[in-house]
Amino acid sequence: MHSLKLSTTLIMNNKKIPIPSPSPSPPLAPPTPQLISKTLLKPTSTPKWLPLNLSKSELSLPLTFPTGQTFRWKQTGPLQYTGPVGSHLISLKHLPNGDVSYCLHSSSSSSSKAEALMALRDFLNMGICLSDVWEVFSASDSRFAELAGHLGGARVLRQDPLECLMQFLCSSNNNIQRITKMVNFISSLGNYLGTVEGFEFHEFPSLERLSSVAEQELREAGFGYRAKYITGTVKLLQSKHGGGLEWLLSLRKLDLDEAIAALLTLPGVGPKVAACIALFSLDQHHAIPVDTHVWQIATRHLLPELAGARLTPKLCSRVAEAFVNKYGKYAGWAQTVLFIAELPSQKAILPSHFSNAKPNKSVKRKITETNIAEDGTEER
Ligand SMILES: Nc1nc2[nH]c(O)nc2c(=O)[nH]1
């Protein structure tokens with residue numbers, strides 16, 4: 001049994017890394033006193049659950065929120081997840097028939113309920129019909145068709161690019177629990193939105209607020225070498241003509257190669273992290289994050305002739321190409337499903353023929369760990 005390090009790594013050390021636990025996890029260390037403007041917060045009178053007009057086959061909360069795309073949402077009930085969408089604090093839950101309903105807890109003072117719903121629909125990428133996309137995948141891949149029966153509703157989110165970038169900077173060579181703690185630390189610097197089931201939620205901090213955090217402070221909070229990537233990236237974004245946020249948003253209009261090239265200019269962003277940001281926040285639906293884990297999937301199912309080879313940056317491009325050839329313009333959405341199927345939490349419940357795949361020879365050789373660093377070298 002292997003455990004999965006999210007982002008750039010796959011570790012194989014006979015241990016399972018648990019999916020973020022439903023209990024509140026404290027930040028790595030208390031952040032410095034924050035400017036929380038609780039007075040600006042507008043709690044909704046009596047939070048009401050309202051239908052979102054989405055079935056479970058279009059959005060499965062447990063397959064979408066705790067599976068490596070975002071580390072900001074928390075499980076706040078059996079089939080319920082809560083998180084911030086911009087300045088809105090929202091819970092989502094499955095009704096007994098599987099349909100999704102939502103509850104708006106609070107918003108910043110100036111925005112309306114209609115704006116919150118619009119932001120939520122945007123965040124959930126609701127303009128894209130998952131069953132249409134999956135029909136195309138299933139037509140060209142019978143294994144996907146079978147997997148789809150078990151992992152229905154695993155949807156790609158459309159996150160705020162700054163939030164997504166910061167989360168994936170934390171994710172490099174890291175595991176879910178630790179990434180979550182780091183992301184909690186950064187998030188706690190933003191305006192307070194509310195508390196649900198013991199979890200405190202915050203709006204994501206602005207670039208300006210982020211720029212007031214020193215590298216040393218992040219190091220002391222346990223970020224290690226990632227501290228300099230965060231401060232360096234924030235600084236570079238702040239120097240962008242027209243604003244860093246606007247620069248990031250402008251990448252939504254570029255071709256994938258251009259968007260990736262732009263992201264790669266940011267400190268700490270390598271090909272894998274860039275692809276995750278492109279896919280989960282920049283409308284680059286055929287971005288393919290590749291690490292040793294995805295390499296395993298690819299050599300098992302898409303490029304068997306390469307089984308046993310060592311993953312190099314050039315082969316990363318071959319893998320991405322193979323995904324796009326097979327699945328088309330939403331190939332990143334297919335990668336997400338195949339990635340989720342490999343998570344220990346899913347392997348435990350999928351039929352055994354999905355979980356019994358043996359690692360390829362090259363990986364078996366390094367069964368203790370196999371990490372691909374962002375520069376393409378293997379790390380220990
Ligand atoms: N769908 C995916 N989610 C991810 N999270 C993460 O850290 N890596 C991945 C990935 O490759 N695919």
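Note that ligands are numbered from 1 as they come in the structure, with each ligand's atoms numbered from 1 the same way.
- Annotation: Thr336 places an N or O atom under 3.5 Å from an N or O atom of ligand 1; distance criterion only.
- Evaluation of the ring pair (Phe, Tyr, Trp, His ring centres under 6.0 Å) test over residues 265-285, restricted to residues two or more places apart or in two chains, returns Phe168-Phe280, His285-Tyr330, His285-Trp333.
- Proximity to Lys272 (heavy-atom distance under 4.0 Å) selects the following atoms of ligand 1: 6 (C), 8 (N), 9 (C), 11 (O).
- In terms of polar-atom proximity, defined here as any N/O pair under 3.5 Å, Phe339 makes no such contact with ligand 1.
- The closest donor-acceptor contact from the side chain of Gln69 to the backbone of Leu279 lies at 3.5 Å or more, if one exists at all.
- The Pro289 neighbourhood of ligand 1 comprises atoms 11 (O), with distances under 4.0 Å to a heavy atom of that residue.
- Within ligand 1, the atoms closer than 4.0 Å to a non-hydrogen atom of Phe280 are 1 (N), 2 (C), 3 (N), numbered from 1 in the order shown.
- At a 3.5 angstrom cut-off on N or O pairs, Ser171 does not count as close to ligand 1.
- Among the candidates Ile90, Asn191, Leu89, the single residue satisfying the side-chain contact (heavy atoms from CB on, under 4.5 Å) test with Phe201 is Leu89.
- When non-hydrogen atoms are compared, ligand 1 lies under 4.0 Å from the side chain of Cys276 (C-beta onward) but not from its backbone.
- Partner of Arg158 under the side-chain contact (heavy atoms from CB on, under 4.5 Å) criterion, out of Asp283, Leu282, Ile128: Asp283 alone.
- Inspection of the Gln216 and Glu220 side chains reveals an N or O donor paired with an N or O acceptor under 3.5 Å.
- At a 4.0 Å heavy-atom cut-off, ligand 1 touches Gln335 through the side chain alone.
- In the vicinity of Phe168, heavy-atom distances shorter than 4.0 Å reach the ligand 1 atoms 5 (N), 6 (C), 7 (O).
- Residue contacts with ligand 1 for His293 are absent, since no atom lies close enough (heavy atoms, distance under 4.0 Å).
- In this structure a side-chain-to-backbone donor-acceptor pair under 3.5 Å is missing from Ser60 to Lys56.
- When only modelled atom types and interatomic distance are considered, Gln80 and Glu197 share no side-chain donor-acceptor pair under 3.5 Å.
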